[in-house]
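What follows is a short report on a single structure.
Here, residue 1 is the first one in the sequence, and each next residue gets the next number.
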Amino acid sequence: MPLDFAQLTPSIPFILEGLKVTLKIVAIAAVLGFLFGILLALLKISRIKPLIILADLYTSIFRGTPLVLQLMIIFYGSPQLFGTQIEASVAAILAFSLNSAAYISEIIRAGINAVDKGQREAALALGVSYPRMMMDIILPQAIKNILPALVNEFITLTKESAIVTVIGAADVMRRSYMVGSDLYSFFEPLLFAGLIYYVLVIILTFIGKLIERRLKGND
């Protein structure tokens, strides 16, 4: 099969411009999803039954339905939900944050449960308040234990960000498809898009391992 990457060269800056959109969506969604995931995890380990049920129901819905469906509901349903058509990037950030929070909450919950219960009992015996105990003692240890799983979740988020093309966001995938339409040849631009996502995943993996090594070095 003849491949002509030379014809793709003038379009490379146009495709790379979509990297800003991809990174913006992934970075904001990762932060919001992480914070919301912590809140959900705390609700799940609380002793208040309605909050536990609410958090479990939320997780069940967002883990039990396709991400692309959630994205399309938020984007195409926004005129009915919010009374106005929100931008594609905003819809993507909302969908990815809400979806990622469901997965991260389970990861964090498992991390919290893995921390020795004796530390919690000792902190409470010393009069440390529950919020301070969670923030200063339990959560740092839990996050340290679940770091590889968190990195995997962020990698998954990065790869799945490509679905924003279905709502017209001008990310790497969308721009590659547009270039393919102009050239009447989709293989080369889509292959280039795949290379960009692969490099992003390699960088995230490297950063994750670097942080993991540093945390182990502090033991």
Side-chain angles (χ1 to χ4, degrees), residues 8 10-40 55 57-107 150-205:
L8 181 64
S11 303
I12 287 178
F14 175 74
I15 296 176
L16 289 177
E17 191 70 18
L19 201 52
K20 294 178 184 175
V21 177
T22 299
L23 291 177
K24 175 187 169 187
I25 291 172
V26 170
I28 298 177
V31 172
L32 293 179
F34 179 69
L35 295 176
F36 191 31
I38 290 177
L39 177 62
L40 282 172
L57 180 64
Y58 176 93
T59 302
S60 175
I61 291 172
F62 277 89
R63 292 177 67 188
T65 55
L67 176 56
V68 66
L69 174 66
Q70 298 159 18
L71 175 64
M72 294 179 78
I73 286 176
I74 291 175
F75 181 69
Y76 293 111
S78 61
Q80 291 172 272
L81 288 171
F82 309 115
T84 182
Q85 178 63 64
I86 60 176
E87 292 181 11
S89 59
V90 175
I93 289 170
L94 276 174
F96 293 155
S97 301
L98 295 172
N99 182 276
S100 185
Y103 287 93
I104 289 177
S105 68
E106 283 297 296
I107 296 171
L150 282 176
V151 172
N152 281 338
E153 172 57 24
F154 295 144
I155 287 174
T156 300
L157 182 64
T158 302
K159 291 187 291 185
E160 289 188 342
S161 70
I163 66 171
V164 297
T165 188
V166 301
I167 59 171
D171 70 327
V172 169
M173 182 63 86
R174 181 73 177 176
R175 288 169 181 261
S176 299
Y177 182 80
M178 291 166 66
V179 170
S181 297
D182 290 339
L183 298 176
Y184 297 103
S185 176
F186 290 93
F187 191 79
E188 293 88 345
L190 290 178
L191 205 58
F192 183 65
L195 177 64
I196 293 174
Y197 285 107
Y198 179 70
V199 170
L200 286 177
V201 168
I202 294 297
I203 292 172
L204 278 174
T205 304

Gln85 (side chain) donor-acceptor with Phe75 (main chain) under 3.5 angstrom: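 Judged by distance alone, yes, a pair lies under 3.5 Å.
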Check: Ser161 side chain, Thr158 main-chain N or O, donor-acceptor pair, under 3.5 Å: yes
In the structure I gave you, are the side-chain heavy atoms of [X] and [Y] within less than 4.5 Å of one another anywhere?
X: Leu71; Y: Asn99; result: no
X: Val21; Y: Val164; result: no
X: Tyr58; Y: Leu98; result: yes
X: Asp171; Y: Ile25; result: no
X: Leu23; Y: Leu200; result: yes

Specify the closest pair of heavy atoms between [X] and [Y], including all atoms of both residues, with the distance to one decimal.
X: Leu67; Y: Ala95; answer: CD1-O, 4.0 Å
X: Ser100; Y: Glu153; answer: OG-OE2, 3.1 Å
X: Ser176; Y: Leu190; answer: CB-CD2, 4.2 Å
X: Leu40; Y: Ala101; answer: CD1-O, 3.9 Å
X: Ser97; Y: Ala29; answer: OG-CA, 3.3 Å

For Lys159, salt bridge (Lys or Arg N to Asp or Glu O under 4.0 Å) partners two or more places apart: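 Residues passing salt bridge (Lys or Arg N to Asp or Glu O under 4.0 Å) with Lys159: none at all.
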Evaluation steps, side-chain contact (heavy atoms from CB on, under 4.5 Å), between Leu16 and Ile196: CA-CA 8 Å; Leu16 289 177; Ile196 293 174; 3.8 Å; yes
Ile167/Ile74 under side-chain contact (heavy atoms from CB on, under 4.5 Å): CA gap, chis, key distance, verdict: CA-CA 10 Å; Ile167 59 171; Ile74 291 175; over 6 Å; no
Phe82 atom CZ: more than 12 heavy-atom contacts under 6.0 Å: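 Buried by this count: over 12 neighbours within 6.0 Å.
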Worked check of side-chain contact (heavy atoms from CB on, under 4.5 Å) between Phe34 and Leu150: CA-CA 9 Å; Phe34 179 69; Leu150 282 176; 4.0 Å; yes
What distance do [X] atom [atom1] and [Y] atom [atom2] have between them, rounded to the nearest 0.5 Å?
X: Leu39; Y: Ile104; atom1: CG; atom2: CD1; value: 12.5 Å
X: Ser105; Y: Arg63; atom1: OG; atom2: CZ; value: 7.5 Å
X: Met178; Y: Ile15; atom1: CE; atom2: CD1; value: 10.5 Å

Worked verdict on Tyr103 versus Asn152 for side-chain contact (heavy atoms from CB on, under 4.5 Å): CA-CA 11 Å; Tyr103 287 93; Asn152 281 338; over 6 Å; no
